[in-house]
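First comes the structure, then the notes that go with it.
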Amino acid sequence: MKRLPHSPTQRIDTRHPLPFSYGGRLLEGYRGDTVATALFANGVRIFSRSLKYHRPRGLYSLDGESSNCLMEIDGLPNMRAEQVPLRGGMQVRPQNVVGSPERDLLGFLDAFHWAMPAGFYYRVFHKPYRLWPFFQTLIRRAAGAGTVNPSWEPGRYDELHFHADVCVVGGGPAGMQAARAAAQTGLRVVLLESRPWLGGFYDWRTVEHHGTPLYERGRHLARELESLSNVRVYTSCTATGLYGDNLVTAVQEGGPDDFFHQRYLEIRARAVVAATGCTERPLVFEHNERPGVMQPGCAHRLARTYGLLPGTAAVFSVGHDLGLEAAADLHDQGLHVACVADCRSDGQDPQRIAALEERNIPFLRGWVAARALGKKAVEAVVLSTTEGSATRTISCDVLAASAGLTPLTGLFSLARLPLSYDERTGYFLPASLPEGLYAAGRLVGYDDPASIELSGTAAGLRAAVHCGALDAPRADEALTELQDNHRVLRGSKLVLAPGAGARSFVCFDEDATVKHVRQSVRMGFDVPELAKRVTAIGTGPSQSGIPGHNLPLIMAHLRGESAGTLRPTTVRPPLKPTLLATYAGLHPDIHKKTPLHDVQERAGAVFRRVGVWKRARYFSSDPTCRDEILNVRNNVGILDGSTLGKFRIFGPDAEKALQRVYVGDMSRVPAGKLKYSAMCTEDGCLLDDGVATKLGENDYYFTTSTGRAGATVEWFRFHTRHEDWEYYLVNLTDSLASINLAGPKARDVLQQLTDADVSNDAFPFMGYREFRLKGLVPARVLRLGFVGELSYEIHIPSSMARTVWQWLLEAGRPLGIRPFGLEAQNVLRMEKGHVIIGQESEIRTTLIDLGLGFLWDRTKTWAKTVGAPALQFAESQEGRLKLVGFLVDGSRPPLDGSIVVDGSIRGHVCTCRYSPTLDKAIGLALVDDDLAALGSRLRIFEPGDPPEYFDARVVPTPFYDPEGQRMKC
Amino acid sequence: MNEAYRHAPLTLPGTPLDQVVRDGWNVTLRFRDEGDGPWIVDLSHVPKWDLQGSALDRTPGLEGIVPAQPGSSTFHEGWIINRLNPVQAGLWRLRPDAPPLGGCPRTPQAVTPAQAGVHQLPEILDPRFRGDDEWALEGENAPFSDNLLAPKGVWTTDLTDGLVLLALAGPGALDVMERVASLDLRRPDISCPVVFQGPVCHVPTQVVLPRREDLSALVLLAFSRGYGPSVAEALLHAGDPLGLRPAGEERFFENLVSQ
């Protein structure tokens with residue numbers, strides 16, 4: 001198709017052709033084209049098939065209000081071809097077609113529209129019910145839009161987070177003036193425009209205002225704005241959300257020269273100006289979505305922006321002056337305009353009517369398109385008076401149809417502002433706006449350039465007042481001038497064309513017609529929000545882009561009520577369909593690594609994510625970790641425990657704070673020794689455990705579990721918030737690495753690194769010492785026994801951890817030292833009967849349930865210990881779960897989480913493993929207290945395919961070294 | 001010590017051209033092909049202390065040095081001091097040759113709990129007292145906890161090993177930040193240096209902004225050591241389209257000096 005001669009309004013660059021393929025054909029467009037305009041230029045008129053009826057669909061608008069132009073582009077389905085900029089080499093495919101868009105094998109479904117009434121999927125095919133699965137399969141196969149390509153590789157996605165004083169949404173004349181006015185007060189302004197350029201509806205219009213063509217005026221304003229250093233302009237950028245405190249989210253499409261495919265923006269603004277303008281309210285008449293039917297603005301922009309005539313002969317059925325302007329201008333561009341019908345009986349701009357008369361274009365006042373004729377494309381149109389008293393048929397291949405204008409109120413809906421009907425404009429708008437949110441331009445009903453620009457200036461100045469950059473009187477001047485000298489337009493009130501029925505589409509996405517709305521009204525769905533659910537109107541990809549404000553008007557009309565008695569449905573973010581990859585953004589895998597990560601990786605460690613950390617789970621391919629476990633029992637093992645929480649607490653009231661959160665008496669924390677204690681929730685449930693020692697006067701060092709380390713400071717602060725205590729906490733978790741040296745030969749290894757006396761007498765079990773390793777590295781050494789052997793937890797500065805790890809390995813090599821991972825530690829501690837919080841405990845497990853009641857000091861009531869009252873209650877409460885050890889009949893252990901059953905659920909397995917030390921399958925379980933007695937038989941159900949049952953017997957714990965001799969020796 | 005036995009929490013990709021061993025750390029002074037900026041510099045080896053107390057700005061020896069207002073920050077003879085909240089400040093000795101803070105004794109001495117009551121700065125703030133490795137030279141088996149002692153009313157904790165310190169410097173540094181954090185570093189009503197506290201790459205971070213001119217912006221990021229590798233990777237990924245490259249310590253000082 002030949003393009004029109006170059007004109008200054010065009011946005012294509014014919015010097016830069018771009019090849020692309022469509023359905024196996026190699027086509028060519030130009031830089032500046034969208035995929036849709038390039039296809040249109042190559043003669044494509046049917047872009048897709050509709051969802052249910054597989055009716056042919058064509059180019060209807062250029063701003064993606066419908067699903068008509070959803071296509072698969074470069075492997076991505078459901079792309080809005082009207083908005084995707086053409087790039088060289090693009091692969092474009094139609095979607096929702098069986099065959100080709102022109103010859104779709106499912107096109108026959110259109111003849112069965114009667115079988116698909118409103119809510120048919122709830123009502124039809126269900127009787128007899130056994131047939132439903134069959135139909136469900138068929139429906140699912142036929143429905144849907146596009147096919148996900150699992151091998152599609154996402155490109156580059158970007159994200160930006162920034163602050164602005166004023167965020168202006170909409171880069172038309174009102175938005176640009178608002179941005180300029182606010183920026184001139186020195187504020188930081190950001191302007192978002194969904195099209196690739198600023199200018200709004202000035203951009204393609206050649207009519208003059210004060211002697212300057214509007215397109216030129218728009219470009220002048222854009223240049224002026226872009227030269228301001230305190231204004232950030234984002235084009236191809238659609239605001240997708242508006243949240244509390246004026247947080248605006250937006251999505252920007254990457255252009256040919258951008259490094260990103262899409263970009264997600266989060267803008268925290270102090271004030272927001274909505275200048276989103278209007279779209280054309282779809283005219284609802286029979287076959288109103290035939291290819292060839294398009295909005296007048298679409299036809300006009302095709303010619304003026306992309307150099308494409310929409311057809312050869314056109315009929316216009318409009319409800320606003322812009323349609324009259326488009327008809328005259330397109331006539332000048334070479335389109336034969338057979339007739340212009342205007343549904344308004346009066347109120348047209350006399351100059352525009354005169355322009356039609358000058359061109360001998362017939363003008364019908366009070367007429368409207370009632371039916372489009374033609375099977376796959378428009379061939380003629382039946383015009384009717386708005387009352388339906390007379391008709392006239394005119395041949396054409398383009399029907400430019402619109403019922404009037406309607407404001408783009410998505411942002412207001414996101415701001416949860418109720419919309420009400422304005423009788424003059426016929427718009428649904430909020431009755432009032434909250435402080436910090438302002439509206440301007442066509443959105444609020446202004447239609448001539450002077451009033452649009454002045455309303456933008458007024459909004460920008462009011463935003464500046466809100467930000468404290470301007471005195472209110474200056475902004476009031478502009479507002480007063482606007483209100484005194486300018487009026488909003490009188491809008492078209494037409495709701496339906498005469499005869500609108502079963503093929504008059506209210507929602508293109510869902511193939512929902514006036515008939516469906518009528519059915520839903522008859523069924524009693526009396527408001528749009530309910531009708532939406534049963535008809536699916538507005539639930540498609542374009543989120544009410546087409547039905548928008550038509551649905552409440554049509555429903556009110558069908559119910560015999562006046563316009564405005566019903567409200568539009570809620571619109572939810574994102575306002576524009578957005579790729580999940582865009583929300584994922586840069587998607588960094590943020591996690592913590594211990595200082596020993598690399599050395600363990602080199603030693604063959606297999607890492608698993610544990611909370612925020614990556615930890616070494618195994619050091620071999622054997623998931624039972626048999627060798628690692630036995631080596632700890634027989635020789636010596638080394639474990640990276642750096643994720644352990646480590647804290648310093650100091651200050652005159654440090655002890656009081658410890659007494660508050662720990663259940664034990666922390667006044668008895670001695671220097672040089674460790675005290676094991678626990679923290680509980682207010683419910684008395686076990687929250688955390690660890691050891692504490694005293695470093696000096698009012699100076700303590702304590703450890704927490706890995707999972708609680710991040711919340712410990714807040715826990716202390718929260719539970720002492722009403723006290724005037726002076727204490728300070730420092731999280732040393734990352735400062736100090738922790739190496740657990742465990743096994744009967746651990747002392748021999750440690751002794752080689754220090755001159756300090758580490759004999760059992762000098763450094764006994766539960767002792768704490770500070771000394772230097774090799775006289776160089778300061779170490780805090782804690783003698784503990786989590787795995788049931790002689791063990792030292794060696795805390796050293798993280799930067800020196802690798803050095804110390806190597807020293808230990810070298811020293812222990814003759815003694816058979818080897819690293820062990822979390823899984824081995826899990827088995828070792830289970831053999832010893834030690835609990836892991838979150839593994840043996842859950843949200844309702846108290847300290848007493850776990851057999852750790854001895855940690856609770858009942859005498860320190862003055863300390864108001866967190867959880868103590870609940871523990872007092874739980875101590876004598878019957879029917880609580882108890883932690884027990886059990887021995888499985890057989891060698892295979894049931895999976896963790898398996899259920900203890902006895903006619904009903906009686907508990908669950910916390911941990912169960914085969915113990916290489918004991919050569920038995922052993923475990924820990926939380927069971928009802930009547931099953932907790934030694935010798936009780938447990939029946940364990942392991943879900944699976946097939947499920948399995950296990951028999952087990954409650955036995956005493958610890959399973960291993962019950963006297964604790966090995967860790968104390 | 002001339003041997004590097006301390007390991008940084010992360011390794012920036014690139015080829016180091018010039019390295020020195022400082023206080024047991026291997027410090028890269030220059031990388032090959034550092035580009036024209038922006039740059040990312042690993043300063044994790046910089047000594048860092050946490051100070052907590054009820055009257056930090058009136059601490060003898062630190063009067064007028066610790067900023068009074070939380071959120072404010074100050075340069076002082078090669079140190080940067082960040083007031084984090086009413087009872088907490090952070091001290092980073094950015095320059096290896098920075099003189100001692102507040103004129104503390106030139107000769108390092110171990111401080112015992114009994115001595116800690118005197119009104120003087122903790123020895124560890126004396127740059128000649130080079131942290132833990134110097135303790136080894138000073139005395140055998142000196143208690144590790146002594147490092148944590150401080151004069152009455154002031155408590156310090158060495159966090160050198162607990163915090164990663166990265167610098168983003170040069171043109172586009174703030175643009176990189178906009179991709180990883182929602183902090184308002186361009187607010188016109190703040191004067192540099194200033195410290196922010198908030199998430200960067202979802203990680204709680206102290207963000208110090210010594211300067212923010214477009215071409216010579218400088219941002220310091222301090223966050224938990226464990227996050228070092230993944231946050232550095234995320235920063236490099238975010239900054240890649242803007243030309244972000246690893247650079248050595250010299251590049252950082254060039255930017256610091258230019259202020």
Side-chain angles (χ1 to χ4, degrees), chain A residues 156 158-163 186 188 230 258-260 266 268 585-586 588-595 597-598 612-613 642-643 648 650-651 695-697 699 701 726 728-737 755-756 770-772 774-780 796-803, chain B residues 1 5-10 24-25 44-45 50 52-54 87-88 113 116 132-133 135-136 140-145 147-149 155 157-164 175 178-184 186-188 201-203 224-231 233-235 237-238 240-241:
Chain A
R156 171 95 195 195
D158 194 34
E159 59 186 281
L160 282 180
H161 309 255
F162 58 91
H163 296 244
R188 292 180 295 168
N230 55 337
D258 290 316
F259 66 86
F260 58 88
E266 270 189 12
R268 286 166 173 79
L586 299 169
D589 176 20
I590 299 296
H591 59 269
K592 292 178 95 169
K593 286 182 178 175
T594 75
H597 186 96
D598 293 348
V612 296
W613 293 94
S642 301
T643 63
R648 181 185 178 212
F650 58 98
L695 297 175
E697 191 63 27
D699 200 347
Y701 180 62
E726 186 181 357
Y728 307 98
L729 274 159
V730 186
N731 187 341
L732 295 172
T733 303
D734 286 62
S735 292
L736 298 170
D755 294 333
E770 293 176 0
F771 47 78
R772 290 180 180 275
K774 292 203 173 184
L776 191 66
V777 175
R780 304 171 180 207
I796 56 229
S798 292
S799 66
M800 305 174 190
R802 277 164 63 177
T803 303
Chain B
M1 300 294 298
Y5 64 95
R6 304 178 79 171
H7 295 92
L10 59 106
W25 301 87
S44 299
H45 55 276
D50 174 79
Q52 295 193 57
S54 54
V87 295
Q88 189 177 18
D132 301 327
D133 51 332
W135 271 105
E140 201 61 28
N141 295 331
F144 182 35
S145 56
N147 271 356
L148 306 173
L149 295 175
W155 291 270
T157 309
D158 185 350
L159 288 185
T160 305
D161 280 14
L163 294 174
V164 170
D175 297 331
E178 283 190 345
R179 284 163 168 77
V180 293
S182 57
L183 302 169
D184 192 4
R186 298 184 200 262
R187 254 177 69 186
C201 297
H202 311 291
V203 170
S224 293
R225 176 191 172 103
Y227 287 116
S230 59
V231 169
E233 187 182 335
L235 288 169
H237 180 64
D240 178 57

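The sequence lines fix the lettering, A, B, ..., with proteins before strands; numbering per chain opens at 1. The figures here come from the full heavy-atom set of this structure, side chains too, leaving out hydrogens, waters and symmetry mates.
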Between [X] and [Y], is any pair of side-chain heavy atoms under 4.5 Å apart?
| X | Y | answer |
| --- | --- | --- |
| B/V231 | A/I590 | yes |
| A/P595 | B/H7 | no |
| B/P241 | A/R156 | yes |

Could you tell me which of B/S44, B/C201, B/A8 has the largest number of non-hydrogen atom pairs under 4.5 Å with chain A? B/C201
Just how far is it from atom [atom1] of [X] to atom [atom2] of [Y], taken to the nearest 0.5 Å?
| X | Y | atom1 | atom2 | value |
| --- | --- | --- | --- | --- |
| A/H591 | B/Y227 | NE2 | OH | 10.5 Å |
| A/M800 | B/R6 | CE | CZ | 4.0 Å |
| B/L163 | A/D734 | CG | CG | 8.0 Å |
| A/L729 | B/D50 | CG | CG | 10.5 Å |
| A/L586 | B/E233 | CG | CD | 12.0 Å |

Where on [X] is there a heavy atom nearer than 4.5 Å to chain B: the side chain, the backbone, both, or neither?
| X | answer |
| --- | --- |
| A/S798 | both |
| A/D598 | neither |
| A/E726 | side chain |
| A/Y728 | both |

Name the region of B/L183, side chain, backbone, both or neither, that has any atom closer than 4.5 Å to a heavy atom of chain A. backbone
Residue B/P9 versus chain A: region with a heavy atom under 4.5 Å: neither
In terms of heavy-atom pairs under 4.5 Å with chain B, the winner among A/A801, A/P588, A/S799 is A/S799
Look only at the side chain of A/H163 and the backbone of B/S182, and say whether a donor-acceptor pair between them is shorter than 3.5 Å. yes
Charged N-O contact under 4.0 Å between B/D184 and A/R188: yes
Closest non-hydrogen contact found for A/N731 with B/L159 is O-CD2, 4.3 Å
Closest non-hydrogen atoms of B/T157 and A/F650, given as atom of the first, atom of the second and distance, are OG1-CE2, 4.2 Å
